[in-house]
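Reviewing the structure listed below.
Heavy-atom basis, side chains included; hydrogens, waters and symmetry copies ignored.
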Amino acid sequence: MVDIIISGEVGKLHAVYHKSLTPAAPLAVVLSGNPRQKHHMNDRISYAMFRAFMDIGFSVVRFDYRGVGDSEGGLGTTADNMLDIATVIDWIQNHNEDSDKLWLAGHQLGAWYVLQTLMRRPEVSGFALVSPDASVSDFAFLSPRPNRGLLLQGAEESEDARAFSTHITQVLKKQAQIDLETIRIKGANETYGAPADLRQLYNDLKAYVGRENADTKLL
């Protein structure tokens, strides 16, 4: 993996990129959580998602939104961050023109960005949501977009968070024709603070992506 700089709307975006040795390998973009809550591309959960895709043979990139870490500019709004996401997706696609599969994975607020991007980018073939931010409840952006994805959550997250993930599953199925497979990691909370919790997140994501990516009928 290498550090790279991607030209964004308001300046340089700092990213880390791994290019697969496999020709036409599938692509993945990892989206970190809310930067206003100190999430960034090098936090433990973002790195675990990145490694899951990397170790299964994907070309994958993670990055910091504008105003975070070494990315230039001030902290952005949701609209600003969505522009940064689009820039990074365009970059990885332009550098892997023979690839025909694109996956997204996001943690916390990044999970919401995954869903919004899914609505805008028909080429997205698979996705994963990790402990979606339960304070966000606006589903107005959803439209029919048949697909399947994974929701990972700590089994010890709050009752409200667990109920919210069930609600997300129902809303996605009804409004967007999207099926979610939910995995709750035993003993983990939303921080995945224990090494075993983070390892299980990595293993579950890697197993799901490997299975779904291999099933051409679904993707």
Side-chain angles (χ1 to χ4, degrees), residues 9 27-41 43 45-46 49 53 62-63 65-66 68 75-90 101-185 188-192 201 204-205 208-209 212 218-219:
E9 181 191 43
L27 311 177
V29 178
V30 170
L31 308 180
S32 57
N34 191 339
R36 298 180 188 278
Q37 297 175 13
K38 308 304 181 184
H39 294 292
H40 53 83
M41 71 166 176
D43 64 36
I45 296 172
S46 295
M49 293 189 293
F53 285 103
R62 68 185 194 268
F63 71 100
Y65 307 111
R66 65 185 69 186
V68 180
L75 288 178
T77 64
T78 291
D80 294 331
N81 292 338
M82 290 299 298
L83 286 173
D84 292 345
I85 292 166
T87 296
V88 174
I89 291 175
D90 289 343
K101 291 184 179 179
L102 173 66
W103 280 67
L104 303 175
H107 168 232
Q108 202 240 14
L109 184 62
W112 287 99
Y113 292 162
V114 165
L115 293 176
Q116 292 189 45
T117 304
L118 181 68
M119 294 294 109
R120 304 178 186 195
R121 309 287 296 225
E123 70 270 31
V124 174
S125 51
F127 68 95
L129 314 176
V130 176
S131 297
D133 185 350
S135 70
V136 182
S137 58
D138 180 7
F139 295 95
F141 63 89
L142 292 175
S143 58
R145 172 72 163 84
N147 208 311
R148 291 182 63 174
L150 173 67
L151 191 155
L152 280 164
Q153 187 174 48
E156 300 305 316
E157 293 187 31
S158 71
E159 183 176 343
D160 287 345
R162 287 182 279 116
F164 190 64
S165 70
T166 300
H167 178 60
I168 290 175
T169 300
Q170 295 169 344
V171 171
L172 288 179
K173 177 65 175 178
K174 182 177 180 180
Q175 288 187 220
Q177 301 170 25
I178 294 173
D179 289 323
L180 279 184
E181 177 177 326
T182 299
I183 297 176
R184 291 194 168 100
I185 298 174
N189 60 23
E190 67 279 359
T191 68
Y192 302 90
L201 185 155
D204 288 339
L205 177 57
Y208 178 86
V209 173
E212 294 295 301
L218 295 177
L219 303 177

For P122, is there any backbone N or O sitting under 3.5 Å from a side-chain donor or acceptor partner on R145?
yes

Qualifying residues under side chain to side chain contact (heavy atoms under 4.5 Å, CB included), relative to D80, sequence neighbours excluded
R66, T77

With a 3.5 Å distance limit and no angle check, can you tell me whether D43 reaches the backbone of H40 through a side-chain donor-acceptor pair?
yes

Within-4.5 Å side-chain heavy-atom neighbours: D90 and R121:
yes

E159, CD: over 12 other non-hydrogen atoms inside 6.0 angstrom
no

Tell me, please, which residues at least two apart from R184 pass side chain to side chain contact (heavy atoms under 4.5 Å, CB included).
Q153, A155, R162, S165, T166, T182

Minimum heavy-atom separation for A176 to M119, with atom names?
CB-CE, 4.3 Å

Shortest non-hydrogen contact from E190 toward H107:
O-NE2, 4.2 Å

Should Y65 and L75 be marked as a side-chain contact (heavy atoms from CB on, under 4.5 Å) after you check the CA-CA gap, both sets of side-chain angles, and the distance that decides it?
CA-CA 8 Å; Y65 307 111; L75 288 178; over 6 Å; no

Residue set satisfying ring pair (Phe, Tyr, Trp, His ring centres under 6.0 Å) with F127, at least two apart, ordered chain then number -> none

What are the two closest non-hydrogen atoms of G106 and V114, and how far apart are they?
N-CG2, 3.4 Å

Which residues pass the side-chain hydrogen bond (donor to acceptor under 3.5 Å, both in side chains) test with N34, sequence neighbours left out?
none

Gap separating the CG atom of L201 from the CD1 atom of I185, nearest 0.5 angstrom:
4.5 Å

For residues 148-181, the ring pair (Phe, Tyr, Trp, His ring centres under 6.0 Å) pairs (sequence neighbours left out) are F139-H167

Applying side-chain contact (heavy atoms from CB on, under 4.5 Å) to L109 and Q37, what does each step give before you reach the verdict?
CA-CA 10 Å; L109 184 62; Q37 297 175 13; over 6 Å; no

Side chains of Y192 and V130 in contact at under 4.5 Å (non-hydrogen atoms):
yes

Show the nearest heavy-atom pair for residues P144 and P146, with the distance to one decimal.
C-CD, 3.9 Å

Qualifying residue for side-chain contact (heavy atoms from CB on, under 4.5 Å) with Y113, from L104, V29, N81:
N81

Taking the side chain as everything from C-beta on, heavy atoms only, tell me whether L118 gets closer than 4.5 Å to I178.
yes

R148 and Y208: CA distance, side-chain angles, deciding distance, side-chain contact (heavy atoms from CB on, under 4.5 Å) verdict:
CA-CA 11 Å; R148 291 182 63 174; Y208 178 86; 4.1 Å; yes

Looking only at heavy atoms, the pair that brings S125 and N147 closest together is O-OD1, 3.6 Å

For S135, give me all partners under side-chain hydrogen bond (donor to acceptor under 3.5 Å, both in side chains), at least two apart in sequence or on another chain.
D133

Check the pair D138 / W112 against side-chain contact (heavy atoms from CB on, under 4.5 Å), numbers first and verdict last.
CA-CA 10 Å; D138 180 7; W112 287 99; over 6 Å; no

Taking atom types as modelled and ignoring hydrogens, do the side chains of D160 and S158 form a donor-acceptor contact shorter than 3.5 angstrom?
no

As an exercise, state the distance from CG of D84 to CD of E9, rounded to the nearest 0.5 Å.
7.5 Å

What distance separates E181 CD from E212 CD, expressed to the nearest 0.5 Å?
7.0 Å

Atom CG of L152 and atom CG of L180: how far apart are they, to the nearest 0.5 Å?
10.5 Å

What are the two closest non-hydrogen atoms of L205 and M49, and how far apart are they?
CD2-CA, 3.8 Å

L102 CG to I89 CD1 distance, which is reported to the nearest 0.5 Å:
5.5 Å

Measuring from atom CG of L129 to atom CD of Q108, what distance do you get when rounded to the nearest 0.5 angstrom?
12.5 Å

